[in-house]
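Have a look at the structure below before the remarks.
Residue numbering restarts at 1 for every chain, and letters A, B, ... go by the order of the sequence lines. Since we're looking at a predicted model, the values are computed, not measured.
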Amino acid sequence: MHATSTKQFQVKQPIEKVWAFLSDLKKVASCLPGAQITEAIDDRTYKGTITVKVGPITSQFNGEVKIERLDNQIHEIELLGKGQDPRGSGGATMKMVGKLRSLTEGRTEVTGTTEITVTGRLAQFGSRMMDDVSNHVFEQFTRSFQAKLAQENGTGSEVAFAPTPQPVNALPLVLSVTGKVIGRFFGRILGKSTSS
Amino acid sequence: MATEIQGMGHSVKRKEDPRFIQGKGNYVDDVKLPGMLYLDIVRSPYAHAKIKKIDTSKATAIPGVLAVVTGEMLKQYNLHWMPTLMSDTQMVLPVEKVMYQSQEVAGVIATDRYIAADGAAAVEVEYEPLPVVVDPKKALELGAPILRTDKKDKKDNLIFHWEVGNKAATETAFKEADVTVKQDMYLPRIHVCSIETCGCVASFDKISGKLTVWMTTQAPHAIRTVFALVAGHVGLSEQKIQIISPDIGGGFGGKVPVYPGYVIAVAASVLIGKPVKWIEDRMENIQADSFARDYHITAEIAAKKDGTMQALRIKTIADHGYADAAANPSKFPAGLFSIATGSYDFKTAFAEVDGVYTNKPPGGIAYRCSFRVTEAVHTIERMVDVLAHDLKMDPAELRMKNFIPANKFPYKSALGWEYDSGNYEAALQKAKVIIGYDALRKEQAEKRKKGELMGIGISSFTEIVGAGPSHTFDILGIKMFDSCEIRIHPTGKAVARFGTKSQGQGHETTYAQIVAEELGIPVDDIQVEEGDTDTAPYGLGTYASRSTPTAGAAGAMASRKIRDKAKKIAAYLLECSEADLVWERGKFYVQGAPQKAKTIQEIAFAAYTNHPQGMEAGLEAVSYYDPPNLTFPFGSYICVVDIDRGTGEVKVRRFVAVDDCGNIINPMIVEGQIHGGLTMGLAPALYEAINYDEEGNIQGGSFMDYLLPTAVETPKWETDKTCTPSPHHPLGAKGVGESATVGAPPAIVNAVVDALAHLGVRHIDIPMTPWKVWQILKEKGVAAER
C-alpha cells in the first residue's frame, strides 16, 4: 500500500526557531504519537520504535530513521525511515520532506510531504482507513509540534500533550467516521422525503 | 418393490443429511485424539523478502510450546520443498526467501490451540524486502526480477507456453473474414471459500510405524501416493500411510492440492510421535490456499457478415503465483481451456496460454469447474455477445445460427474434442419460452425510451467433464480412471466403496441409487463408503465433475459383474440354462414362467450357503472404469437484470437455467447442485475478487473485503432441463455439479452489458460491483443525480 500526502500548518514562531526544532530529529520524533528514539547510530541516523494501532491490529515497528538531506539555507529536511514489526504484522518505509517558509508577523509555515509504503497486515485491513489514520496522526503531530515549540521558547503551552508515547488508536476515529456516514445517510433520506 | 428400490430418476432424500442437519457430521476438526498437539503457522507479511533470521527463543519460552518447525529443520530431511501436482515445486517452509504474503514461515507446535497462536506471534523473523512482481504482464518483461531463483537455469518468469489448434488456418480465416471482433477480458483471482477451511490431524505411531492422517482432501488416494513418494526416504511407505477423508464441508477444487500445513503437521507428528492437529482460520484459507482463475484473456472471432462464425483465436496470460500448483491433468497445463469453441460450429480455432510466476500464492485450481472450463466458457459466451453487439444482431438469434446442429453429434471440435451428444437449440429454445424472451425485448425497448436500464443476457455453454480416458489423462502419471468395489452380504444387503470422495455432493445417496438400479437392491440396503485409503479401492478422487462419469460408471460396471455371477447362481438354483433367464430389476426369472424366479437377495444368500460346485463362493466385484471419452453437459441460461441508475447496483430480476446432463440419477440432488452452482456463479459476476497492491499486499483477504453472496443477494433460480443422454456412459449420465458455476457468470455479464449496450458499452470485466457500474453510468451521463 502506497500513500502520499502533503500537509501544511502555521506556527507563531520565527523561522530560525522552528528550523532549530525541525532539524533536531529527536525533538521531531517526540511529537509523533507512538514514536520513540531509542539509539543514536551517528548524528544523522537513529534507531527507534513506533507503535500504531489500527482497529484490532497493534504493530510495533522497530526501525531506523536517517536524515537524508538537511539544507539550512532553504530550511528543508528530508528523512528516510524504515521499520519492521518483528512479530510479523509487517513493515513500512517512509520518506518525509519538511519545508519551512517565513510568513509575516513572525509566523512560519511548515509543509510536510510524506510518502509511506506499508506492507503486511496493516496494509490488508487498514487500507480503507489509512488515509483517516494518517490525518489523525498528523493532527496530533501538529498539536504536539506547536505545543513543544512554544514550551521550548518559553511562550507557554497551549495544548497538553502526553509525556510518554501513546500508540495511535484509530478506534475512536472509526466511530466518528461511522457516525458521519450514518449522519449523511439519514440526512439524505430525510432530505429526500421532505423534497418529494 | 420397484418404488422401494429407488434407482435412477428418484428424488431420494439424502442419506447423509440426517447427520449433517443434526450437527452429527464428523469433520476433521471433530477428530480428537489423546495427547493431541496443535499447530499454528507463522506467516510472511511480505510478498517477496529474504529471510535473514528466525528467532524462536521467545516462542519456545512460552509454557506449552513444544517446538518451532522451521525450513532449516525440514531441510535436514530434504522436506523443505515438495512437488506440486503440476510437477513444479513449492516450499513447505522457506529457507532462503518468502514468495508471497501469508506464506508459511514456521510452524509452532503446542499443547493447546491458543498457546500455539501465542507462540506463532512470538516468533521473530527478520526480513529483507525484495522487489515484488504482481502484474504477470510485467513479470514477462525483459529485466523483470527473476522470482524462481531456486531454479538454477531459470532466466525468466514463464512457467509454460501451451498452444492448441491450427494457427495457420486460423490466421487465414481472420485475413479473409468479413468481420472480426476483438476483446480483452480479465477473470480475477477468486477463492472457493468452502464453509470448512483446510486442516488435518496427523498421527504417527512410533511402534507400528504407521501414519494416519485425517485430512480435508478431495483425493485421498492420490495424496497417499504423493506422501509415499515425497517422504519415502524418511521411512514412510505407502502401506503404512492411511489417509482418511472424513466428512468434508465443501471442496470445490480447493481441497485437491497438498498445502504446506499438512506436511508440517505430518513432519511434526513423525518427529514428536504424537498426534498433531492443524486447522486453518478463515484468513489463512483465503490468503494462502490455492486461488482460481486469474486469466488475462484476449479473444477474437472472425465471422461472415451474416453472423456465421468462422474462426476463434485466443491469447491468454495465466497468473499462477510463485508456483504452478494447479491440479490439472499432466498433459493439460491450461486445463481443458480448449473447450473454448463452446457450443458453436467453428471451422478453425487457435488458442495459446502463457503460465507466469508472480509474487502471489501458488495455484490455478479448478474452482467448481473441470480445469479452466469456466475461463473458456466465459471467453466464448462473452465473445458471441461482442460479435452480436458489433453486427447489431440479437444474441439469441446469433447463437441459434451458429450452434453445432443436433444431428452432427458426435462432433469433432476445431480444438480437437469429440463432443458426445448435445442439442443446443432445444435448450435455448426452452429457456427463451420459459422466460418470455420476445416480450422481454419489447419491455426493454419501452424502458429504454424512459431511460430505464434493463438487460437480458444469455449463456449457452458446453462443459467438458469426467476426466478422463487413460490414453490422455493422468495426474503425476496416475491414470484418471476411477473405481468401485461392491460386496453383497449373505442377507442381500451391500457395501459399495468408491475411489472418489463426496464433499457434500451426496454420493452416499446417488451411488446407492446406481447400484440399486443395476442390482435391484433397495437404496436403504446399500452402504456407500469413500475416503479411507485402507478400505476404498484406488481412485483419483472427486473434482472436475468426474464422480458420476467415472466412479458412477464403475459402480454400474461392478454391479453388472455381480449380476453376471448372480445369473449363474440363479440358473443353478432354478435348474435351467442361463440363456433361459430374464433379468427384471431385482430378480431373474425363467423366460415364459415368471413365477419361477429368484430375487437378488435369494441369490446372495445362496452365494454363501448353496453356491454351485466349481464356482467361488461370495458375491462381489471390483471395477476400475476407464472412460472412453469425457461427457459434455450443456445448458442455456437467460438472465434479466435491472440497473439502479442511482447506485449502480445490478439487480438480477429473473434467472432461468435449462440444464442438460443426460440421464439423471437423483433429480432433487441435481437441482440442489444447480442452485448452489448458480449462486457460486453469481458471486464472481457481482462480488468476488482478490486483488493485490503493488507491494503484493492482498486486498480481499478476509470476509470484510471478499464478499460472498448470502440468501439476501441470491435471486430466485428458475430451473428446468432437457435430456440428451451420453451415448458412451453406462447410465447415459453426464457430470452436472459444475455446470451452473461455469454457465452463470457470462449470462449475468451479458445481461448487464446488454442493459448498457445502447450507450456503447460492449464489455465489462467481473466483478460488476456497484462502484464499477456506477462509474460507467457516470461516464455515459446516465447516472441518476439525487
**Asked** In Å, rounded to the nearest 0.5 Å, how long is the span from CD of B/Gln699 to CG of B/Asp693?
**Response** 4.5 Å
**Prompt:** In a check of side-chain hydrogen bond (donor to acceptor under 3.5 Å, both in side chains) between A/Gln10 and each of A/Glu109, A/Arg107, A/Gln146, A/Arg101, which one passes?
**Reply:** A/Arg107
**Request:** Answer with side chain, backbone, both or neither: which region of B/Ser102 has an atom nearer than 4.5 Å to a non-hydrogen atom of chain A?
**Result:** side chain
**Request:** Heavy-atom distances under 4.5 Å only: say whether A/Ser89 touches chain B with side chain, backbone, both or neither.
**Result:** backbone
**Message:** Any side-chain to backbone donor/acceptor pair from B/Ser702 onto B/Met283? Under 3.5 Å, distance only.
**Reply:** no
**Asked** Quick check: are there more than 12 heavy atoms from other residues, nucleotides or ligands sitting under 6.0 Å from CD of B/Glu694?
**Response** no
**Request:** Sort B/Tyr127 into side chain, backbone, both or neither according to what part of it lies under 4.5 angstrom from a heavy atom of chain A.
**Result:** both
